[in-house]
Each structure stands twice: as structure tokens, then as C-alpha cells.
Amino acid sequence: MGGTTPKIKRQQKDFISWFEIPALNFQQSVNFYNQIFGIEMETNLNDNYAMAFFPVSNGIGGSIVAGPGSTPGDSGPLIYLNAGNDLDLVLGNVENAGGRIVMPKTLISEESGYFAIFIDPEGNKLALYSSQ
């Protein structure tokens with residue numbers, strides 16, 4: 001039977017439920033994110049994988065992951081990490097922690113806020129976002 005597929009009208013609060021940032025040098029990557037955000041990530045190590053979790057009280061979480069199939073890269077989807085109220089505070093730590101800024105703080109619009117793009121020490125391209 002032919003026909004058309006009905007369009008689903010669905011809205012969700014968030015379309016990202018989890019993210020993983022690949023690493024080859026696991027501890028270097030954990031140290032980088034701990035330093036730029038001023039956090040302490042909890043780690044979980046087993047025979048095949050190492051994971052370090054971004055601390056969140058609610059909302060979307062993610063991790064650094066090292067293991068089979070976790071290959072860093074600067075192409076593919078771009079993840080925007082929340083830099084809190086002021087992007088400058090986090091972006092200012094990127095180079096001192098071993099990363100490289102490839103797009104400085106840039107205004108999206110007065111209503112939407114700002115973003116910046118960086119490469120972490122593992123070679124992953126990510127973005128930061130804040131309202132200020």
C-alpha cells in the first residue's frame with residue numbers, strides 16, 4: 001500500500017541527550033577540560049574504556065571517552081558546550097590549558113548570545129556558547 005508518511009509534530013526540550021568527546025591521551029584531555037571549566041571530573045576506568053564525566057546536577061551530561069573506536073577529529077558534528085554566563089571566562093583558559101582558539105568570541109545576535117570555536121589538545125573541534 002502506497003501513501004505518504006504522516007509528519008510527526010514533536011517538540012523536545014533538548015535534542016542532545018548525551019555527548020562523548022573522544023581522546024587518545026585520556027588524562028591530558030581530562031586535565032584540559034578540568035582546567036578550562038574549573039571543574040573536577042569523575043573518572044571510570046575499565047579494561048576497554050576510560051570515561052570522565054562532566055559534572056551536572058540536571059540537564060544534559062557528557063564525558064571524555066578513550067577506548068576502541070574513540071578517535072579524536074576536527075570534522076563531523078560540532079558540539080556547543082555551555083560556558084555559563086560569560087564565555088570569556090572559559091575561553092580565556094583554552095590556550096593555557098593546551099587548546100587552540102580557531103574562532104574567537106563572536107556575536108550571534110543580541111537575543112541569541114555568543115559562541116567561539118576551539119580545538120582541544122586531542123584535536124577535537126568544539127564550540128562554547130554563552131548569553132554574554
Practice problem: Determine whether Ile119 and Phe37 fall in the same hydrophobic cluster, where Ile, Leu, Val, Met, Phe, Trp and Tyr are linked whenever their side-chain heavy atoms lie under 4.5 Å apart. | Solution: no
Quiz item: Out of curiosity, Ile36 CD1 to Glu95 CD, how far, rounded to the nearest 0.5 Å?
Solution: 11.5 Å
Practice problem: Please name all residues satisfying side-chain contact (heavy atoms from CB on, under 4.5 Å) with Glu42, sequence neighbours left out, ordered by chain then number. | Solution: none
Quiz item: Where the side chain of Gln35 meets the backbone of Asn93, is there a donor-acceptor pair that is under 3.5 Å apart?
Solution: no
Atom pairs and distances, side-chain donor-acceptor, residues 45-74, under 3.5 Å, sequence neighbours left out:
unit_1: Asn46; atom_1: OD1; unit_2: Asn48; atom_2: N; d: 2.8
unit_1: Asn46; atom_1: OD1; unit_2: Tyr49; atom_2: N; d: 2.8
unit_1: Tyr49; atom_1: OH; unit_2: Pro68; atom_2: O; d: 3.1

Quiz item: Do Phe115 and Leu126 belong to the same hydrophobic cluster, where Ile, Leu, Val, Met, Phe, Trp and Tyr are linked whenever their side-chain heavy atoms lie under 4.5 Å apart, directly or via other members?
Solution: no
Quiz: residues 76-92 side-chain donor-acceptor pairs under 3.5 angstrom, not counting sequence neighbours:
unit_1: Asn82; atom_1: OD1; unit_2: Gly84; atom_2: N; d: 2.7
unit_1: Asp86; atom_1: OD1; unit_2: Asp88; atom_2: N; d: 3.1
unit_1: Asp88; atom_1: OD2; unit_2: Lys105; atom_2: NZ; d: 3.1

Quiz item: Going from CD1 on Ile117 to CD1 on Ile101, what distance comes out if it is rounded to the nearest 0.5 angstrom?
Solution: 11.5 Å
Exercise. Specify the closest pair of heavy atoms between Ile39 and Tyr33, including all atoms of both residues, with the distance to one decimal.
Key: CG1-O, 3.8 Å
Quiz item: Quick one: does Phe32's side chain get under 4.5 Å of Asn124's, heavy atoms only?
Solution: no
Quiz item: Between the main-chain N or O of Pro104 and the side-chain N or O of Thr106, is there a donor-acceptor pair closer than 3.5 Å?
Solution: yes
Exercise. Group every Ile, Leu, Val, Met, Phe, Trp and Tyr by side-chain heavy-atom contacts under 4.5 Å, then state whether Tyr129 and Trp18 land in the same group.
Key: no
